[in-house]
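One structure is given below, encoded as structure tokens.
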2 protein chains.
Amino acid sequence: MKTDMRVFKTKDALRKALMHLLEQKSLNSISVTELCQLAKVNRGTFYAHYGQVENLFEEYFKTIMKDLADSYQEPYKHVQHLLSRNVNPSTIRIFHHIEKYETFYRIVFSKTVPLSYYYLLFDHVQNLIKTDVSEHYLNGIDIDISMVSAYQANAILGLAIEWHRQDFKQSAEEMNRLLVRILSI
Amino acid sequence: MKTDMRVFKTKDALRKALMHLLEQKSLNSISVTELCQLAKVNRGTFYAHYGQVENLFEEYFKTIMKDLADSYQEPYKHVQHLLSRNVNPSTIRIFHHIEKYETFYRIVFSKTVPLSYYYLLFDHVQNLIKTDVSEHYLNGIDIDISMVSAYQANAILGLAIEWHRQDFKQSAEEMNRLLVRILSI
DNA sequence: ATATTTAATGAACAAGTGTACAATAAAATT
DNA sequence: AATTTTATTGTACACTTGTTCATTAAATAT
């Protein structure tokens, strides 16, 4: 069964209103009332689809995460030299991905948002690393793959956090080079 | 100037009420109203000290962070063999610290809390690592110490996140051994 | 084209939020 | 011990939240 056009319209209006509001104020300060007024959607309708503003944001989040997964499909051309260490070389496409959606990631990394967004990001990176690690590096080694991938995924995200703190002043390319250097220490 | 006894009493009552409520429900579901009713403190008084329930929690958070810093002063007896890699061996006292305050960290790592708590934890670990890294490992190497420490601090926290996900089923001692193994891969 | 299904609306509700201010009570100061 | 200072209280206000339900309107199915 296809989606009702009315549902599509309301969801679209709400998403656009949210994006508009996020350019002015932080996610947690956006009330359901003002969102619905801007989107010209009845407040009751909002509650029929989402319980809170955060749920609406998460829907957008998932489309961004899809791009992140897709970016891993890209050829590994720039990062061959990383294969020497046990981190998936494609991992570092993440910096380009973050750069591409900088506005979005300024929200995801902002203090006030719930930890759940970070976890969603963490999940994606961890899974991408998990696949690679289990295939290439841990043959015959008896160790919890979830732990190894959690370690490596979050290390990368640590750089992303610091990058955000430094107001994304470095380019994605610089961040890649930085990662290579850290891995070689 | 010393603190007014009235202020101490109200803050104490609020802190105790919060701790009591946190054993039953999640932080973000605790309303100012019910907290004040339990603490027998006027709602207006709450707002005179804290703007929201989260601010009260953060005050408690800081006392826990103090314990984390203190735990780093402990002798490095169990972790000498970690010195071979560029991670502060004292770092792994963190697992014992988390184990000690498990109830508390179940909140800090829960999805619904703001990312700011994670950042406060991250900050502490990063600073502890930063000091050590700059002193022992990066002599003459030109690299952003904040980035290196962010990478290493968050890697450790990645293990903590995964530990939380697996419901803290491992002991702190096991987590230490796991870290040693990961570093040796 | 008409009938049927279902989403959106508007109104109304109790409850929580954040703020303000005069009255009160409990500390600190003299 | 009396006075001054200041934290707490009680009350009130406009506003947001989350929910319900009958009514309206738009999309899908016949």
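Naming: A, B, ... by sequence-line order, numbering from 1 per chain.
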Name of the residue among B:Tyr117, B:Phe122, B:Phe109, B:Tyr118 meeting ring-ring contact (aromatic ring centres under 6.0 Å, His included) with A:Tyr118: B:Tyr118
Touch class at under 4.0 angstrom, heavy-atom based, for A:Thr45 against every strand present: base
Sugar-phosphate only, base, or nothing, as touched by B:Lys9 at under 4.0 Å among non-hydrogen atoms: sugar-phosphate
Working for side chain to side chain donor-acceptor pair (under 3.5 Å), residues B:Gln152 and B:Gln126: CA-CA 8 Å; B:Gln152 294 181 346; B:Gln126 187 189 24; over 6 Å; no
What's the [atom1]-[atom2] distance between [X] and [N], to the nearest Å?
X: A:Glu54; N: D:dT17; atom1: CD; atom2: C1'; answer: 13 Å
X: A:Leu14; N: C:dA7; atom1: CG; atom2: P; answer: 15 Å
X: B:Gln37; N: D:dG10; atom1: CD; atom2: C1'; answer: 14 Å
X: A:Gln52; N: D:dT16; atom1: CD; atom2: C1'; answer: 14 Å
X: B:Asn42; N: D:dT6; atom1: CG; atom2: P; answer: 20 Å
X: B:Phe46; N: D:dA7; atom1: CZ; atom2: C1'; answer: 16 Å
X: B:Asp4; N: C:dA27; atom1: CG; atom2: C1'; answer: 5 Å
X: B:Phe8; N: C:dA28; atom1: CZ; atom2: P; answer: 13 Å

Pair B:Lys62 + B:Glu58: basic N to acidic O under 4.0 Å: no
A:Phe46 and A:Tyr50 aromatic ring geometry - parallel, tilted or perpendicular at 30°/60° bounds: tilted
Ring geometry between B:Tyr101 and B:Phe104 (parallel below 30°, tilted from 30 to 60°, perpendicular above 60°): perpendicular
Presence of donor-acceptor pair under 3.5 Å, side chain of B:Arg43 and base of C:dG18: yes
Distance-only donor-acceptor test, A:Arg6 side-chain atoms vs D:dA26 base atoms, 3.5 Å: yes
Check the phosphate of [N] against [X], side-chain N and O only, distance under 4.0 Å to OP1 or OP2. Yes or no?
X: B:Thr33; N: C:dT17; value: yes
X: A:Tyr47; N: D:dG18; value: yes
X: A:His49; N: C:dA8; value: yes

Position toward the 5' end of DNA chain C (nearest nucleotide), B:Glu34 or A:Lys40: A:Lys40
Nucleotide nearest B:Val41 (side chain, heavy atoms from C-beta), chosen from D:dT16, D:dT9, D:dT8: D:dT9
Proximal nucleotide (of D:dT8, C:dG16, C:dA27) relative to the B:Ser31 side chain: C:dG16
